[in-house]
S.K.: 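Before I ask anything, let me first share the structure, which is written out below as structure tokens.
Here is the naming used below: chain letters follow the sequence lines, and residue numbers restart at 1 for every chain. Heavy-atom basis, side chains included; hydrogens, waters and symmetry copies ignored.
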2 protein chains.
Amino acid sequence: MRALMELRKKILSGDYPGGTRLFEVSLAETLQISRTPVREVMSRLAEEGLLDRLANGGFVVRSFTYADAVDAIELRGVLEGTAARLAAERGVSQAGLDQLREILARLEDCFGEAADDVELEAYSEANAKFHVVLVELSGSTVIQREVERATRLPFASPSAFLSGRAHVAAFRQSLHIAQEQHRTLVSAIAGREGARAEFIAREHARIARKNLEYAVFEDPELMLTVPGLVLLNS
Amino acid sequence: MRALMELRKKILSGDYPGGTRLFEVSLAETLQISRTPVREVMSRLAEEGLLDRLANGGFVVRSFTYADAVDAIELRGVLEGTAARLAAERGVSQAGLDQLREILARLEDCFGEAADDVELEAYSEANAKFHVVLVELSGSTVIQREVERATRLPFASPSAFLSGRAHVAAFRQSLHIAQEQHRTLVSAIAGREGARAEFIAREHARIARKNLEYAVFEDPELMLTVPGLVLLNS
DNA sequence: CCTCTGCCCGTTGTATACATGTGGCTTGGC
DNA sequence: GCCAAGCCACATGTATACAACGGGCAGAGG
């Protein structure tokens with residue numbers, strides 16, 4: 001559905017700041033479609049968490065504070081932590097573990113000799129895959145569903161800060177820490193250590209929080225390049 | 001919206017078993033409305049988690065296994081645990097703490113002299129309120145939103161098993177345990193003990209899991225009286 | 001007999017006209 | 001001058017007709 005992607009893109013690129021009320025008629029002419037699919041699109045974006053429904057009908061662009069972004073990242077950490085714990089406690093198949101280890105190896109290959117030598121595009125892709133497979137290994141469609149939901153807010157996604165920061169050497173070096181957490185996470189799951197797996201996953205999400213903090217307070221220009229950060233208001 | 005409540009009720013009462021595909025036209029004549037509001041209603045029920053969207057359009061009634069129900073309860077525990085932890089870590093106002101303690105006292109008043117003497121209706125109402133306020137005290141609208149979402153599945157709600165089991169004395173006695181957890185939870189939050197608060201909340205949700213287990217394996221007749229349990233298939 | 005292709009029917013997607021409701025503004029009365 | 005009530009305009013809710021898409025079945029050809 002073209003209109004869905006188009007409106008989503010417009011919201012994520014800041015065309016409609018948080019709190020903006022979206023009217024069916026004006027959106028209909030903007031998107032060159034009739035009101036019916038506009039309603040459909042807004043309904044789906046509300047499901048995604050980008051829009052809020054008003055009490056007496058209508059939609060507004062959801063507005064996020066810095067604290068909301070912090071909490072959304074915390075939420076992702078908690079949910080991924082739960083997935084990791086369930087995977088460890090309930091056990092995973094050899095095939096599943098192999099799959100995770102294969103991705104781990106791919107991530108490993110992204111690092112070069114120098115501490116700040118990282119192939120970011122390949123890393124980003126493998127990292128996204130790692131997080132998806134990790135959650136699948138929980139064996140719970142209920143948890144998987146909610147992780148995917150929490151991840152749909154772009155600034156809460158595991159890949160959120162992996163773009164647009166390639167120039168910061170300190171950031172590239174910090175990926176070594178993240179990768180160590182990936183390794184440890186796999187070890188914890190393989191060893192059926194639920195609590196360990198859970199808290200490593202939580203701590204892993206804290207990297208995103210730290211990056212968010214940096215973007216907001218140290219280098220506000222980044223807020224324009226990291227996907228979704230334009231949604232932050234106050 | 002009458003149609004929304006009507007369809008929700010029909011699904012929750014098992015008129016459309018999990019996996020049933022809902023067609024716009026037939027539903028439209030059943031509910032005596034046109035296709036447009038039917039689409040709207042189905043969209044909202046998909047948001048609630050009662051329906052699943054099909055890839056090429058259309059909706060089916062979401063189907064839950066016993067394992068899904070267990071995981072949904074686990075999810076609620078994890079989210080309420082996070083709310084409790086945040087409340088403890090970040091601190092709550094005196095007014096907030098007072099409010100929680102007032103509800104705690106109301107719950108206390110529901111217990112009589114005998115171990116199985118409990119005013120169930122009053123308890124159920126105060127219990128629901130307790131869980132709502134607890135989550136509010138987290139101070140996080142993001143977390144609150146997700147707890148409310150997780151709670152919308154009727155069998156995962158904190159009040160799910162408080163109806164239709166009044167006749168089981170052992171069940172009424174088990175409420176003493178729940179109430180002790182309520183007390184301890186408040187103590188942990190007041191004392192800024194985040195980890196303690198989190199795990200008490202998780203353990204608290206386990207009571208629901210135990211009740212689910214009982215209903216499914218020991219007393220299947222209960223599945224007809226506990227709201228939402230008819231949604232369970234295999 | 002098996003397979004591939006094309007048609008047909010059922011379902012959802014879209015447009016549009018009409019109904020309904022709500023909030024704001026204006027006017028009249030106290 | 002202020003408050004209240006009613007009206008008007010703009011927004012969403014609903015109905016319905018038409019379009020487009022997809023899956024299944026049947027018929028024909030290899």
S.K.: Where do Met223(B) and Leu229(B) come nearest, in terms of heavy atoms and distance?
M.R.: O-CB, 3.4 Å
S.K.: Could you work out, with ring-ring contact (aromatic ring centres under 6.0 Å, His included) as the rule, every residue matching Tyr16(A), not counting sequence neighbours?
M.R.: none
S.K.: Considering non-hydrogen atoms only, spot the tightest contact between Ala83(A) and Ile143(A) and give its length.
M.R.: CB-CG2, 4.0 Å
S.K.: Salt bridge (Lys or Arg N to Asp or Glu O under 4.0 Å) with Arg39(B): which residues, sequence neighbours excluded?
M.R.: Glu24(B)
S.K.: Using five base pairs at each end to define the local axes, how bent is the helix from dC1(C)-dG30(D) to dC30(C)-dG1(D), to the nearest 10°?
M.R.: 10°
S.K.: If the condition is side-chain contact (heavy atoms from CB on, under 4.5 Å), which residues does Ala178(B) pass it with, not counting sequence neighbours?
M.R.: Tyr123(B), His204(B), Ile207(B)
S.K.: Can you give me the first and the last nucleotide of DNA chain D (5' to 3') that has an atom within less than 4.0 angstrom of a non-hydrogen atom in chain B?
M.R.: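 The footprint of chain B covers dT14(D) to dG23(D).
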S.K.: What residues form a ring-ring contact (aromatic ring centres under 6.0 Å, His included) with Phe59(B), not counting sequence neighbours?
M.R.: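 Here no residue qualifies.
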S.K.: Taking side-chain contact (heavy atoms from CB on, under 4.5 Å) as the definition, give me every residue that meets it alongside Glu89(A), ordered by chain and number, with sequence neighbours left out.
M.R.: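 With sequence neighbours excluded, Glu89(A) shows a side-chain contact (heavy atoms from CB on, under 4.5 Å) to Arg85(A), Leu86(A), given in chain and number order.
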S.K.: Does Asp71(A) pair with Arg145(B) as a salt bridge, N-O distance under 4.0 Å?
M.R.: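 No, this pair does not count.
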S.K.: Specify the residues of residues 23-34 of chain B, ordered by number, for which at least one heavy atom lies under 4.0 angstrom from an atom of DNA chain D.
M.R.: Ile33(B), Ser34(B)
S.K.: With sequence neighbours excluded, what pairs up with Glu40(A) under the salt bridge (Lys or Arg N to Asp or Glu O under 4.0 Å) test?
M.R.: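 In terms of salt bridge (Lys or Arg N to Asp or Glu O under 4.0 Å), with neighbours along the sequence ignored, Glu40(A) is linked to Arg44(A), Arg53(B).
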S.K.: What parts of residues 37-53 of chain B reach DNA chain D, counting only heavy atoms under 4.0 Å away?
M.R.: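 Those residues whose heavy atoms fall under 4.0 Å from DNA chain D, taken from residues 37-53 of chain B in numerical order, are Pro37(B).
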S.K.: Which residues satisfy the side-chain contact (heavy atoms from CB on, under 4.5 Å) test with Arg101(A), sequence neighbours excluded?
M.R.: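 Expected list: Gln94(A), Leu97(A), Val186(A), Ala190(A).
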S.K.: Taking Val41(A)'s backbone N and O only, do any of them form a donor-acceptor pair with Arg8(A)'s side chain (distance below 3.5 Å, no angle check)?
M.R.: no
S.K.: Look for any protein N or O under 3.5 Å of an N or O in nucleotides 17-25 of chain C and output each such pair with its distance, or none.
M.R.:
{"residue": "dG23(C)", "atom": "OP1", "partner": "Asn56(A)", "partner atom": "ND2", "Å": "3.1"}

S.K.: Give one of base, sugar-phosphate or nothing for Leu54(A), where a contact means two heavy atoms less than 4.0 Å apart.
M.R.: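 If one applies the 4.0 Å heavy-atom cut-off, Leu54(A) turns out to touch nothing in the nucleic acid.
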S.K.: Ring centres under 6.0 Å, that's the criterion: do Tyr214(B) and Phe161(B) meet it?
M.R.: no
S.K.: State, to 0.1 Å, how close Val142(B) and Arg62(A) come at their nearest heavy-atom pair, and which atoms those are.
M.R.: CG2-NH2, 4.3 Å
S.K.: Can you tell me if Ser159(B) uses its side chain to pair, donor with acceptor, with the backbone of Leu162(B) under 3.5 Å?
M.R.: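 No; zero donor-acceptor contacts below 3.5 Å.
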S.K.: Under 3.5 Å, is there a donor on one side chain and an acceptor on the other for Asp68(A) and Thr65(A)?
M.R.: yes
